[in-house]
Amino acid sequence: MDLHTTLGADARATREERRSRQASSLRLAVHAAAALLLAAGVPAHALVIGVTEGVSYQAAESQIAPRFEPIAEMLSKALKQPVTIKVLISYTSAREALKEQQVDLAFIHPAHVALEAIKNGRYQALAWTSGFTAYKVSLLCKEPQPISNWKGIAGKGLVMPDADSITAVITRAMLREQGVQPAALKLTNTRYQDAVPFYVQNGFAAYGATAASGVVKTWKDGGGNVCAESRAVPIKQWLVSRKLDAATASAAREALLGLAQSDAGKRALATSTYTGFVAPSAEVEAALMTWLGI
């Protein structure tokens with residue numbers, strides 16, 4: 001081996017040793033930083049809240065996130081880690097995010113999307129929204145009496161919101177419960193709940209399905225009738241990913257359930273337009289999964 005070859009080999013060996021020492025130092029630095037973070041109780045990443053507010057109400061994405069920011073701040077303080085918001089503007093994006101467990105916590109309206117995520121085992125119920133635990137579908141009509149012969153409505157027109165809205169899902173369950181297949185009626189879908197009365201008032205449908213209390217009140221105040229009501233369904237649910245550790249999930253539940261008990265929590269709730277959250281019932285959810293066909 002000549003001198004140039006020997007010097008080249010020595011140089012390469014020196015460079016390899018230097019890179020090895022640098023890599024070792026970097027690993028030690030990373031481990032040390034991780035140890036410091038753990039010791040300080042600082043998480044490695046921010047938690048993400050996924051939010052969907054339904055498709056049969058007129059709410060833009062830019063209007064949704066600001067409403068939940070104060071609640072996210074309260075959760076961040078309770079959990080001692082950053083919390084961010086991801087708006088899931090469509091049911092497709094909500095289902096995809098839940099399927100892939102892209103969000104750690106989720107505020108989900110509608111109920112059937114939440115219950116799907118619970119049934120497949122990826123999420124569990126964290127809380128229900130006060131004032132939205134008894135959501136009922138009303139069938140608006142011009143008939144003077146409630147429906148007594150459900151088989152007799154076959155062939156008549158029924159208008160309801162978006163086919164994948166919770167109102168439509170409840171309406172179909174309501175019909176099945178009465179022994180009427182939805183296909184036996186002349187079904188029409190309209191995107192927004194407040195458009196439903198128009199179809200009934202103008203004779204385009206005999207019945208209109210809505211669960212919007214304001215729509216029902218206006219209809220009845222104008223002389224319209226309600227021919228039937230569905231079972232009660234909790235429709236706005238907080239979920240937590242089963243990937244999240246039990247201690248964090250428990251702290252999030254306590255924070256949500258306790259919001260209405262403090263002035264800061266009440267201010268956060270006021271921005272969201274909700275009054276508080278209550279503990280869920282696994283028994284009720286299981287019964288609803290069966291009834292709704294989930």
Side-chain angles (χ1 to χ4, degrees), residues 52-57 91 108-116 118-119 125 128-201 205-221 224-237 278 280-294:
T52 182
E53 277 277 46
V55 298
S56 60
Y57 298 95
Y91 291 1
I108 302 295
H109 172 191
H112 60 295
V113 173
L115 292 173
E116 288 167 5
I118 293 171
K119 186 171 184 178
W128 291 348
T129 303
S130 300
F132 293 87
T133 59
Y135 188 84
K136 293 182 179 181
V137 168
S138 295
L139 290 188
L140 311 184
C141 66
K142 290 183 177 180
E143 298 170 4
Q145 300 296 328
I147 297 172
S148 58
N149 177 19
W150 282 85
K151 296 295 177 63
I153 74 172
K156 293 186 178 182
L158 168 63
V159 61
M160 55 187 174
D162 186 284
D164 195 26
S165 67
I166 184 58
T167 300
V169 172
I170 292 174
T171 301
R172 291 193 292 270
M174 184 181 180
L175 293 171
R176 290 193 302 268
E177 185 177 39
Q178 298 295 339
V180 179
Q181 290 303 312
L185 289 96
K186 297 175 183 177
L187 298 178
T188 301
N189 293 103
T190 182
R191 181 169 175 79
Y192 299 118
Q193 299 236 21
D194 52 12
V196 168
F198 172 85
Y199 286 79
V200 182
Q201 183 63 47
Y207 307 104
T210 180
S213 59
V215 172
V216 175
K217 183 179 186 305
T218 299
W219 175 256
K220 293 170 73 173
D221 288 347
N225 295 320
V226 171
C227 288
E229 279 189 341
S230 73
R231 293 190 195 183
V233 177
I235 59 161
K236 294 178 183 281
Q237 290 133 310
V278 298
S281 166
E283 183 179 354
V284 169
E285 287 177 341
L288 288 175
M289 287 179 199
T290 300
W291 185 62
L292 295 173
I294 295 172

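Any value given below was found using the heavy atoms of this structure, including those in side chains, with hydrogens, waters and symmetry copies removed. These figures come from a predicted structure and were not determined experimentally.
A side-chain donor-acceptor contact under 3.5 Å links R172 to the backbone of A163. Judged by distance alone, the side chain of T129 and the main-chain N or O of F132 form no donor-acceptor pair under 3.5 Å. Under a 3.5 Å cut-off, the side chain of K142 and the backbone N or O of Q201 do form a donor-acceptor pair. Judged by distance alone, with hydrogens and angles left aside, the side-chain atoms of Q193 form a donor-acceptor pair with the main-chain N or O of A211 at under 3.5 Å. A distance-only check finds no donor-acceptor pair linking the side chain of S138 to the backbone of V226 [under 3.5 Å]. With H112 contributing its side chain and D164 its backbone, the two residues share a donor-acceptor pair below 3.5 Å. W219 places a side-chain N or O within 3.5 Å of a backbone atom of N225 that can act as its donor or acceptor partner.
Within the 4.5 Å cutoff, the side chain of L185 has heavy atoms near those of the L175 side chain. With contacts defined as side-chain heavy-atom distances shorter than 4.5 Å, the pair D162/N189 does not qualify. Under the 4.5 Å side-chain criterion, counting only non-hydrogen atoms from C-beta, T171 is in contact with L158.
To the nearest 0.5 Å, atom OH of residue Y199 and atom OG1 of residue T190 are 4.0 Å apart. Note: I153 CD1 to I147 CD1 = 4.5 Å, rounded to the nearest 0.5 Å. The OG1 atom of T210 sits 6.0 Å away from the CG atom of L140 when rounded to the nearest 0.5 Å.
Between A209 and V137, the shortest heavy-atom contact is CB-CG1, 3.9 Å. The nearest pair of heavy atoms linking A134 to A232 is CA-CB, 3.6 Å. Residues G155 and K186 share a closest heavy-atom pair of O-CE, 3.2 Å. Listed here is the closest heavy atom pair of A111 and P234: CB-O, 3.3 Å. For the residue pair Y207 and C141, the shortest heavy atom distance occurs at CD2-CB, 3.8 Å. Shortest non-hydrogen contact noted between R231 and K136 is O-CG, 3.8 Å.
In summary, of the residues considered (M174, E229, M160), a side chain to side chain contact (heavy atoms under 4.5 Å, CB included) with L139 occurs for M174 alone.
Counting only N and O atoms by type, the side chains of W150 and E177 include no donor and acceptor under 3.5 Å apart. For S230 and Y135, the side-chain atoms include no donor-acceptor pair closer than 3.5 Å.
A salt bridge does not link E285 with K119: none of the charged nitrogens is closer than 4.0 Å to a carboxylate oxygen.
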